[in-house]
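One-based numbering, in listed order, for ligands and for the atoms of each. Quick caveat, the model's predicted, so the values are computed rather than measured.
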Amino acid sequence: MKGFDYLQAELNEMKKQGTFRTLIPLESDQGAKVVIDGREVIQLSSNNYLGLTSHPRLQKAAIEAIEKFGAGTGSVRTIAGTLTMHKELEEKLAKFKHTEAALVFQSGFTTNQGVLSAILTNEDVVISDAFNHASIIDGIRLTKAERKVYNHVDMKDLERALKESNNFRVRVIVTDGVFSMDGNIAPLPEIVELAEKYDALVMVDDAHASGVLGENGRGTVNHFGLDGRVHIQVGTLSKAIGVLGGYVASSKTLIDYLIHKGRPFLFSTSHPPAVTAACSEAINVLLEESELIERLWDNTKFFKIGLEQLGFNTGKSETPITPVIIGDEALSHQFSDKLLTYGVFAQGIAFPTVAKGLARVRTIVTAEHTKEELQAALDIFEKAGKELKII
Ligand SMILES: *Cc1c(COP(=O)(O)O)cnc(C)c1O
């Protein structure tokens with residue numbers, strides 16, 4: 001078809017630069033090992049922190065929900081698409097996060113878009129960490145609010161931005177709880193103190209912290225003992241929770257407001273019963289099987305120390321996300337390809353997901369990996385790293 005020459009030209013340029021990617025389909029479920037091209041390889045690229053995507057309790061809940069309530073809901077939440085199980089999941093999430101109320105969106109991405117675009121006008125200012133997730137950035141783009149970006153986790157710079165924004169109705173500080181590409185944790189206690197000093201609201205996106213940090217995986221707010229001092233907690237149901245969706249946990253006022261003004265909530269169909277029931281069961285698993293989180297952290301320590309001892313640059317990670325920072329885009333993808341050849345699936349990540357010159361292979365261990373699998377992965381990292389002269 002004619003008309004797309006300008007796009008094809010850009011794609012051709014990517015191919016020349018070695019940055020053109022094809023999708024890699026899995027031929028198995030999302031486990032510690034997955035099947036790619038007929039070969040079993042060690043999976044280090046998923047966000048399936050606790051192995052919940054295939055947990056028997058979640059599968060059973062999903063199947064029973066389909067049998068009883070069908071495959072879809074046929075409507076948006078605000079017209080005819082709210083089932084009792086949607087309300088029950090939201091009540092469970094609010095209790096889990098120690099907030100008054102919670103609201104589920106179709107994804108973590110749409111949650112950030114929905115919340116930010118609903119609560120900010122041109123009278124307000126949003127103050128955002130430079131490394132925040134794309135969904136926060138896009139959410140901010142949807143508002144007419146004044147935007148200020150502070151240097152990544154730089155509290156002096158955050159204070160500067162707060163001082164410069166005296167004249168607005170509402171100031172909202174927004175940050176990832178755990179930064180998805182570096183695995184470092186936001187300095188929430190300092191952020192909250194500054195917010196209280198300057199009378200700002202705090203919004204934390206705990207996509208990579210829910211199910212990972214805090215009591216039973218309640219997230220960074222609970223991890224730092226800040227329950228009740230962070231105004232808006234966003235979470236995803238797509239990572240450690242193992243299914244799909246996003247949610248916001250906050251005051252009843254905000255939740256009631258979003259039911260009227262959260263555009264993805266209003267204009268996109270609600271989650272099918274299988275998704276909602278599986279998410280709900282996942283919260284029960286978090287509360288009842290705390291050994292999963294213990295295993296996750298045990299594996300995290302083992303693998304992180306292993307990579308560091310091999311001499312890789314793992315940046316400032318403090319969580320199960322451990323980047324192996326390479327710098328050059330093409331070399332990162334080459335490294336990733338070599339790892340796959342030797343039996344490890346760890347994706348190369350480059351611009352625009354991370355800044356230019358900071359391309360990397362990102363690893364995430366899960367509770368499901370055995371020590372033998374992780375040691376085998378370390379051996380493969382060593383072999384591929386030496387061959388490409390990265391270490
Ligand atoms: C993954 C991620 C999201 C998006 O969540 P989905 O449920 O996959 O849409 C939002 N914010 C952050 C920080 C993330 O890492």
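Partner of E90 under the salt bridge (Lys or Arg N to Asp or Glu O under 4.0 Å) criterion, chosen from K97, K252, R77: R77. With N48 as reference, Q30 is the one residue of Q43, Q30, H55 to meet the side chain to side chain contact (heavy atoms under 4.5 Å, CB included) rule.
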Output, or 'none' if empty, a list of ligand 1-protein atom pairs in which both atoms are N or O and the distance is under 3.5 Å, rounded to 0.1 Å.
unit_1, atom_1, unit_2, atom_2, d
ligand 1, 7 (O), G108, N, 2.8
ligand 1, 7 (O), T236, OG1, 2.6
ligand 1, 7 (O), S238, OG, 2.6
ligand 1, 9 (O), G108, N, 3.1
ligand 1, 9 (O), F109, N, 2.9
ligand 1, 11 (N), H133, ND1, 3.4
ligand 1, 11 (N), D205, OD2, 2.5
ligand 1, 15 (O), H208, NE2, 3.1
ligand 1, 15 (O), K239, NZ, 2.6

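A donor atom on one side chain and an acceptor atom on the other are found under 3.5 Å apart for Y198 and E159.
Taking 4.5 Å as the limit, some side-chain heavy atom of L307 sits within range of a side-chain heavy atom of T322. Looking at V34 and V41, their side chains come closer than 4.5 Å, going by heavy atoms from C-beta outward.
Under a 4.0 Å N-O distance rule, the pair E91/K87 does not qualify as a salt bridge.
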